[in-house]
Amino acid sequence: MPLTKKEAMEVYERLEKMFPDARAELDYTTPYELLIATILSAQCTDVRVNKVTKVLFQEHDTPEKMVRLSQEELEGYIKSCGVYRNKAKNILAASRIIIESWGGEIPPTIEDLMTLPGVGRKTANVVASNVLGIPAIAVDTHVFRVSNRLGLAESKNVDGTEKQLMAIWPEDCWTKGHHLLIFLGRRICKAQRPLCEECDLNDLCRYYQGASE
DNA sequence: AACTCGGGGCA
DNA sequence: TGCCCAGAGTT
């Protein structure tokens, strides 16, 4: 059985105390910059992404400027970000679609965002919740893992976790809740060798109390 | 729901 | 050097 709503709110409030500085890991000034940075961040640490975008966005921080780059030129900028060929192709194609179909603006809903190449549910939720003001819980592997361990969700896939978190937390907790769970996953509730003794939630954590993931 | 994919990270 | 992984796309 997953936690009750009351227990889930207690988890949320205690997470706020643990991580008063929790916020988006990718911190950009415009929706377009966040979209591109989030596409780049798949299978890649945000340290690398931040390094790359710092240079890339100096001259190419809008879709109109981005599409002036050739595929090869863009690959040169983002080479250290994992699957760079696919990402370069997707970023150029998505930028063209944004110009031609959305008047140069970021698509305004999660569903519209997901029509862009290289943008799946997780990336769409990150952009929607951080810069469009749409409450959403982006479930990456950190969120998936810690939600199951804590009992906030019981799911074998990220879609199930997203639904269950949305059901157990009120809407105005979704966006920050996502950030809180990521902080917990990165700093304490790591995939390997989690630091359970340092975790303020271990008194109610099923994983700590011996349950498997 | 399950499989594939391209490259980085780490053992 | 080979195994594993995260997220998108495809079937």
| Does A:Asn202 use its side chain to pair, donor to acceptor, with the backbone of A:Cys199 at less than 3.5 Å? | yes
| Whether A:His179 side chain and A:Ala22 backbone form a donor-acceptor pair below 3.5 Å |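 Judged by distance alone, no pair lies under 3.5 Å.
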| query | OP1, OP2 of B:dG9 versus side-chain N and O of A:Arg48: anything below 4.0 Å? | reply |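 Checking B:dG9 against A:Arg48, a side-chain N or O does come within under 4.0 Å of OP1 or OP2.
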| task | May I ask you to verify if any side-chain N or O of A:Ser80 is less than 4.0 angstrom from the OP1 or OP2 atom of B:dG8? | result | no
Look at all strands and tell whether [X] reaches a base, only sugar-phosphate, or nothing, counting heavy atoms closer than 4.0 Å.
X	result
A:Thr45	nothing
A:Val158	nothing
A:Asp140	sugar-phosphate

Gap between atoms [atom1] and [atom2], on [X] and [N] respectively (whole Å):
X	N	atom1	atom2	result
A:Leu40	C:dA8	CG	P	12 Å
A:Arg121	C:dG7	CZ	P	14 Å
A:Asp46	B:dG8	CG	P	17 Å
A:Gln192	B:dC10	CD	C1'	11 Å
A:Asn157	B:dA1	CG	P	6 Å
A:Lys190	B:dC10	NZ	P	12 Å
A:Lys87	C:dA6	NZ	P	13 Å
A:Arg193	B:dA11	CZ	P	8 Å

| request: State which of C:dG9, C:dA8, C:dG7 makes the closest approach to the side chain of A:Ala42. | output: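 It is C:dG7.
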| said: Looking at A:Glu16 and A:Lys176, is there a salt bridge between them, counting it only when a charged N and a carboxylate O are closer than 4.0 Å? | reply: yes
| So, A:Lys163 and A:Asp159, do they make that salt bridge, N to O below 4.0 Å? |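 No, this pair does not count.
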| query | Taking the six-membered ring for Trp, is the centroid-to-centroid distance between A:His142 and A:Phe183 below 6.0 Å? | reply | no
